Amino acid sequence: MTKYSRIPEFIFESSWEVCNKVGGIYTVLSTRAKTLQETHKDKVLFIGPDCWGDSPCPYFKEDKKLLADWREKANDEGLQLKIGRWTIPGEPIAVLVDFKPYFVKKNEIYTWLWENFQVDSLHAYGDYDEASMFSYAAALVVESFYNYCLDDDSRCVYQANEWMTGLGALYIHKKLPQIGTIFTTHATSIGRSIAGNNKPLYDYLFAYNGDQMAEELNMQSKHSIEKQTAHYADCFTTVSEITARECKELLDKEVDVVLPNGFEDDFVPSGPTFTRKRNAARKRLMQVANALTGDTFDNNTVIVSTSGRYEFRNKGVDVFIESMNRLLRDERIADKKILAYIEVPGWVGQPRQDLQERLSQNKEYDTPLECPMVTHWLHNMSHDNVLGMLKYLNMLNTKADRVKLIFLPCYLTGNDGIINLKYYDLILGNDLCIYPSYYEPWGYTPLEAVAFKVPCITTDLAGFGLWANSTFKHNGELEDGVKVIHRTDYNYSEVADYIKDTVAKYALMTDTDRKKCRAAAEKLSKKALWKEFINYYHKAYDIALTKAEARRKVMG
């Protein structure tokens, strides 16, 4: 492993998802924090938005004695802060900053941004203003802390995650040039938008002009801040090789380092606890399916699922449904039952009372409920993509259907009213997890699956899928723990067939072969721990600090 000569004495890191569990970046930061704490013990400061006001943040524990002198100074400077610990493994120091007071200065800040970095904020809408004011406030936190607690000889880096923190990175680049800046895009805003608008991203990537596409898709401001931050930051990074290609074409900037997303596995149960939780998850999934459909399921049932954000095409939810539809007619598994779940949060209304009543009786049913494809009523039942496709394909979970597909459209927090298990307590009940992504810069869901010894199916349009292929040194197969399907802009039908065939193959495996797949999945997950991936961050820190030192010499 390469050793880098420049090691930061202090690391600042900002993200909208610090102590704010809204997406995959929360997982990146919260699992990496433990490794950083072990090497930099309380010399890491995570900065997040104070979205909570007077309500307690469930992921943060305030400590009024921590950094008390600086807190007083920051308050005198007009910063409204909460200082404490992020309640995750490692318990790093976190600062939540109230960004709302800066909205009154918005136009002045945007003018400064244009004059110094040519960032176009004129077309801002939606979350652009909120993100920008937080980013500005986060930079003021760094400026205040640096001036009060550190000195010009301190080796410091500031890592900004996503376009939402770009403004702060540019502010620090201008106002505190002695700090090395790192900008990490976890997905380009314009790439995600191209894919989400059903335009072919990959075959035409070489021909797309990022600025032109931003104008066409009304993404000018987000694209502008992302592009300029990528160009001005000391070290520009992203999370996978596939997104690195996207950055080069759409942001006109090659990345300096790829930072693959690792994780910690200390939340994965072992031994008898694992077996008990797996059995409990399987039992619950089959109970819910029986109460909905009136069909019976035993332990020979093959349970599969997909999960993640509700991006119908980007996450491959559409092709997952299509593959299950084709599996219905696959004669190879005529004597097998497949139970498939779509665990994707939709516009959920409330848990189904009729389903709750059945589950409370704790008995087996032989008649279906009305609409036996969904566990919770939605606000938009007639306009939901999943339910619409199930209806179009006539996938109604009749007793004769050996493949049952059920939509579980809520966050699995342990109190959803139907499953009542947390996501990590449910995922290990699966036999296979399926993530046929079209647009997926990294892909935590397959990584989490293999950590819980669940083999999975993904694609080579996902960063994780590409990483798995490079680790295997061949295209991943089920026996490797991860089946990596080749996916393009136009091979939707072939992907659906590949998934169908892989599920059928698994269903027909012996118990011995299944155990080998599960062991291979777990083995692969060990290669993605943060202790393996943290060195990529050390390289980024080294690049940023080298440039900051060069500036200091010029400044004298």
Side-chain angles (χ1 to χ4, degrees), residues 11-20 22-23 25-26 28-29 45-52 74 77-82 94-146 156-177 179-190 219-238 251 544:
I11 299 168
F12 301 96
E13 184 155 5
S14 75
S15 168
W16 185 258
E17 298 187 36
V18 168
C19 302
N20 186 29
V22 294
I25 297 172
Y26 182 93
V28 180
L29 273 58
L45 198 72
F46 285 97
I47 307 164
D50 185 1
C51 305
W52 311 92
E77 294 168 351
L79 286 165
Q80 298 176 31
L81 308 177
K82 293 173 185 169
V95 176
L96 304 186
V97 59
D98 184 0
F99 54 89
K100 292 184 288 297
Y102 302 99
F103 275 95
V104 295
K105 294 176 63 179
K106 182 182 73 172
N107 291 339
E108 178 186 330
I109 293 166
Y110 288 163
T111 300
W112 177 88
L113 198 57
W114 170 257
E115 289 174 348
N116 286 278
F117 299 103
Q118 294 74 56
V119 172
D120 167 19
S121 301
L122 282 175
H123 300 88
Y125 64 91
D127 54 356
Y128 183 89
D129 290 341
E130 189 175 52
S132 296
M133 294 309 101
F134 157 64
S135 185
Y136 178 73
L140 296 183
V141 169
V142 173
E143 185 176 42
S144 173
F145 186 93
Y146 185 91
C156 299
V157 294
Y158 177 77
Q159 184 163 3
N161 291 277
E162 284 290 73
W163 68 266
M164 305 170 91
T165 56
L167 195 159
L170 293 175
Y171 181 95
I172 287 166
H173 179 83
K174 182 76 174 178
K175 301 280 190 174
L176 296 162
I179 294 179
T181 53
I182 302 166
F183 177 53
T184 303
T185 181
H186 297 256
T188 69
S189 58
I190 195 63
M219 296 282 291
Q220 296 100 314
S221 293
K222 289 180 183 179
H223 173 69
S224 182
I225 186 72
E226 186 173 43
K227 181 176 179 178
Q228 296 307 92
T229 310
H231 281 261
Y232 279 98
D234 293 319
C235 183
F236 176 42
T237 71
T238 192
L251 301 179

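Residue numbers count from 1 along this sequence. Small disclaimer: the values here were computed from a predicted structure and weren't measured.
For Tyr136, the ring pair (Phe, Tyr, Trp, His ring centres under 6.0 Å) partners are Tyr102, Tyr171, not counting sequence neighbours. Residues forming a side-chain hydrogen bond (donor to acceptor under 3.5 Å, both in side chains) with His123 (at least two apart in sequence, or on another chain): Asp120. Partners of Lys105 by salt bridge (charged side-chain N to carboxylate O under 4.0 Å, His left out), not counting sequence neighbours: none found. Take Ser135 and apply the side chain to side chain contact (heavy atoms under 4.5 Å, CB included) test, not counting sequence neighbours, and it matches Thr165, Leu167. Under the side-chain hydrogen bond (donor to acceptor under 3.5 Å, both in side chains) criterion, Thr188 pairs with Glu246, sequence neighbours left out. Residues forming a side-chain hydrogen bond (donor to acceptor under 3.5 Å, both in side chains) with His186 (at least two apart in sequence, or on another chain): Asn161. Considering only residues two or more places apart in sequence or on other chains, Ser14 meets the side-chain hydrogen bond (donor to acceptor under 3.5 Å, both in side chains) condition with Tyr158. Taking the salt bridge (charged side-chain N to carboxylate O under 4.0 Å, His left out) definition, one finds that Glu17 meets it with nothing, sequence neighbours left out. By the ring pair (Phe, Tyr, Trp, His ring centres under 6.0 Å) test, Phe99 is found to be paired with Trp16, residues two or more places apart in sequence or in another chain being considered. Residues meeting the side chain to side chain contact (heavy atoms under 4.5 Å, CB included) test with Asp50, sequence neighbours left out: Trp52, Lys82, Leu96.
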Which atom pairs, donor and acceptor, lie under 3.5 Å between side-chain atoms of residues 107-115 and protein residues at least two apart or in another chain?
unit_1: Tyr110; atom_1: OH; unit_2: Asp129; atom_2: OD1; d: 2.6
unit_1: Thr111; atom_1: OG1; unit_2: Asn107; atom_2: O; d: 2.8

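Side-chain contact annotation: Glu162 with Ser15, donor-acceptor N/O pair under 3.5 Å absent.
Proximity of the aromatic rings of Phe12 and Phe145 is defined here by a centroid distance below 6.0 angstrom, and this criterion is met.
By the 4.5 Å heavy-atom criterion applied to side chains, Ile225 and Tyr128 are counted as neighbours.
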